[in-house]
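Inspection log for the structure reproduced underneath, given as structure tokens.
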Amino acid sequence: MGRVRLRFSPIIPTIASFLLAALWGLSVFAGWGVEAFCPGGGPENCPQRLGMVSTVSGLFAVLAACSTAGAWLVPTARRDARAFGWLMGVGVAAWITAEGVLFLGGMLAR
């Protein structure tokens with residue numbers, strides 16, 4: 001198992017990915033999104049519209065999870081710092097996009 005040598009610790013983007021994943025998961029599955037964007041039930045179709053937004057956001061979340069896992073599980077990525085950094089960068093960017101889609105969609109669902 002090779003060591004990844006980066007200018008920064010590989011733990012930093014990994015923790016960022018896990019925190020963004022937790023925020024996304026709580027927003028979608030624990031009802032934080034519905035509570036934030038549709039308080040008290042909101043307009044009549046708000047929770048359903050937010051559910052559709054969560055589905056679209058989920059596509060980016062799957063990409064993010066696969067990129068983050070791939071950075072740590074694919075042997076080539078673990079040995080090559082450039083590949084590892086690229087996969088982790090894609091993962092963090094995809095988590096940010098998933099959160100952004102969820103937020104903007106929630107604002108429009110009101």
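The analysis underlying the following values was restricted to heavy atoms, covering all of them including side chains, and did not include hydrogens, waters or symmetry mates.
Counting heavy atoms of neighbouring residues, nucleotides and ligands inside a 6.0 Å radius, atom CH2 of Trp72 exceeds 12 of them.
The structure places CD1 of Ile15 at 7.5 Å from OG of Ser9, a figure rounded to the nearest 0.5 Å.
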Can you give the donor-acceptor pairs under 3.5 Å from side chains of residues 100-107 to other protein atoms, not counting sequence neighbours?
none

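Closest approach of Ala77 and Ala83 over heavy atoms only: CA-CB, 4.0 Å. Closest approach of Ala64 and Gly91 over heavy atoms only: CB-O, 3.4 Å.
Hydrophobic cluster membership differs between Leu73 and Val90, with clusters built from Ile, Leu, Val, Met, Phe, Trp and Tyr side chains linked at under 4.5 angstrom. Hydrophobic cluster membership is shared by Leu20 and Val28, with clusters built from Ile, Leu, Val, Met, Phe, Trp and Tyr side chains linked at under 4.5 angstrom. Both Val53 and Phe29 belong to a single network of hydrophobic side chains, linked directly or stepwise wherever heavy atoms of I, L, V, M, F, W or Y lie under 4.5 Å apart. Under the 4.5 Å side-chain heavy-atom criterion for ILVMFWY residues, a single connected hydrophobic cluster contains both Val34 and Phe37. Residues Ile96 and Leu26 do not share a hydrophobic cluster, clusters being chains of Ile/Leu/Val/Met/Phe/Trp/Tyr side chains in contact below 4.5 Å.
Considering only heavy atoms from C-beta on, Ser17 comes within 4.5 Å of Met88 through its side chain. Trp95 places a side-chain heavy atom less than 4.5 Å from the side chain of Thr68. The side-chain heavy atoms of Phe18 and Thr14, taken from C-beta on, include a pair separated by under 4.5 Å.
For the side-chain hydrogen bond (donor to acceptor under 3.5 Å, both in side chains) test, residues two or more places apart in sequence or in another chain that qualify with Trp24 are Ser57.
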Stepwise side-chain contact (heavy atoms from CB on, under 4.5 Å) check, Leu19 with Leu23: CA-CA 6 Å; Leu19 290 175; Leu23 177 62; over 6 Å; no
